[in-house]
Amino acid sequence: MTLTLTTAGESHGPALVAIVTGLPAGLLLDKHAIDADLRRRQQGYGRSPRQRLEQDEVEVLAGLRHGRTLGTPLALVVRNRDHANWSWGMAPWPPEGEPAGKGTKPVTLPRPGHADLAGALKYGLADVRDALERASARQTAAPVAAGAVAKALLATIGVGVAGRVCEIGGETGAEEWRAAVDAARAERDTLGGVVEVRASGVPPGLGSYASREDRLDARLAAALAGIQAVKGVEVGDGFALARARGSHAHDEIDPARRRTSNRAGGIEGGVSNGEEIVARAAMKPLPTLMRPLRSVDLDTGAPGEALVERSDVAAVEALAVVAEAAVAFELARAAREKFGGDALGDFVHAHGAYLERIDWPA
Ligand code: EPS
């Protein structure tokens, strides 16, 4: 038994879609909790004016009855309100009538740092918009909705997951972030940053050393590196461990089999060890610049300046929510693999029986 997530959706298309399979039947979902995460993702200092247009809210098309999962594929939808302004430009079918609204002219000036150029080459696109629409971080709303579902599942076995911002533009205090964002905006520039996700209550034994695909640290790294604009991931003390001696790099084991430090970030040999899971992700500064970088017009071959369109100055606070969802989904997937069960009670019971076997406090 495993959990899968399939998403679809373009930034200015009609909607974003997430389909989650492998949930047990009988899991109680709270629409307010899912919508609260969607709203958290939209917030943060330095977000695009787009966020004043969107009011992300989950719709459920399948897999749920009266708030409880049916054990069948769960289909979630988040509509793009902005699509109303792109109804010609992003029409799924050949549009009727005269071109109107946004997205009517082809984009031919790829932005360095975005998927624009590689996407246009790879897929043979004359209009870079056909690449950028899906590459856009707008689509992170769908995995956040799925992550809220994963968190509901994890809560049934006492696992909590929380993301936070560590730094934005090199600054570590909230006031300094805002000043850095204001300064970047004034200079028509953008910022990146670092986020951290911690998961508590994770029992020892999620993931495995058996193969690369099973390793929990590799899985979390892939989940985090799979988020738009993430260029680096570390688990526990990560890169700093490379500079430490072995005597100061590991976490000694006490008689209760607990640790007095957590340099490993809760994972040893690709397996959770019962300590808090700690993972960090580094986000590059967003590539849509109001003072554009040099590029080339793919239509004429002439040097030019990259596409300028409305965008965020920083989205690190949003990344904290998206990273939380990604880690939650991966932990939920590992928990489904370990504890299985078609009914929620089977899953919870298997978790309880396992803790009893290893004599680990709930
Ligand atoms: C994004 C560009 C901007 C961001 C978008 C990600 O889109 P727009 O030009 O429509 O404002 O706002 O993020 C979101 C819309 C979102 O909801 O997170 C990009 O190019 O990646």
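Values below: every heavy atom of this structure, side chains too, minus hydrogens, waters and symmetry copies. Each ligand, and each atom within it, is numbered from 1 in the order the structure gives.
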(message) Taking Glu324 first and then Lys151, would you say they form a salt bridge - that is, a charged N and a carboxylate O separated by under 4.0 Å?
(response) yes
(message) For a quick check under 3.5 Å, do Glu268 and Asn273 share a side-chain donor-acceptor pair by atom type?
(response) yes
(request) State plainly whether the residues Asp82 and Arg138 are in salt-bridge range, i.e. N to O under 4.0 Å. (result) no
(request) Compute the minimum heavy-atom distance from Ala141 to ligand 1 and say whether it is under 4.0 Å. (result) no
(message) Parallel, tilted or perpendicular: which one describes the rings of Trp86 and His12, with boundaries at 30° and 60°?
(response) parallel
(request) May I ask you to check whether Ser311 has an N/O atom sitting below 3.5 Å from an N/O atom of ligand 1? (result) no
(message) Which residue and atom name correspond to the protein heavy atom nearest atom 5 (C) of ligand 1, and how close is it?
(response) Ser136 OG, 3.8 Å
(message) For atom 13 (O) of ligand 1, what's the nearest protein heavy-atom neighbour? Residue, atom name and distance, please.
(response) Arg138 N, 3.8 Å
(message) Is there a continuous path of hydrophobic side-chain contacts, each under 4.5 Å between heavy atoms, that joins Phe339 to Met1?
(response) no
(request) Decide whether an N or O pair under 3.5 Å exists between Ala137 and ligand 1. (result) yes
(message) Can you tell me how far apart CE (Met90) and NE2 (His83) are? Round to the nearest 0.5 Å.
(response) 8.0 Å
(message) Which of the numbered atoms in ligand 1 are under 4.0 angstrom from any heavy atom belonging to Arg47?
(response) 16 (C), 18 (O)
(message) Check for me whether Arg310 has a heavy atom closer than 4.0 Å to any atom of ligand 1.
(response) yes
(message) Any salt bridge linking Glu337 with Arg219? Criterion: basic side-chain nitrogen under 4.0 Å from a carboxylate oxygen.
(response) yes
(request) Report yes if the side chains of His351 and Pro203 come closer than 4.5 Å at any heavy-atom pair, otherwise no. (result) yes
(request) Report yes if some N/O of Arg50 lies less than 3.5 Å from some N/O of ligand 1; otherwise report no. (result) yes
(message) Can you name the atoms of ligand 1, numbered from 1 with element, that are less than 4.0 Å from a heavy atom of Ser48?
(response) 11 (O), 12 (O)
(request) Enumerate the atoms of ligand 1 whose separation from the nearest heavy atom of Gln51 is less than 4.0 angstrom. (result) 14 (C), 15 (C), 16 (C), 17 (O), 18 (O)
(request) Please work out which of Arg41, Glu54, His114 has its closest non-hydrogen atom nearest to atom 20 (O) of ligand 1. (result) His114
(request) With heavy atoms only and a cut-off of under 4.0 Å, state how Gln42 meets ligand 1: side chain, backbone, both or neither. (result) neither
(request) State whether the shortest distance between N or O atoms of Ser11 and N or O atoms of ligand 1 falls below 3.5 angstrom. (result) no
(request) May I ask you to identify, for Asp312, whether its side chain, its backbone, both or neither come under 4.0 Å of ligand 1 on a heavy-atom basis? (result) side chain
(request) May I ask you to check whether Ser11 and Arg129 show a side-chain donor-acceptor distance below 3.5 Å? (result) no
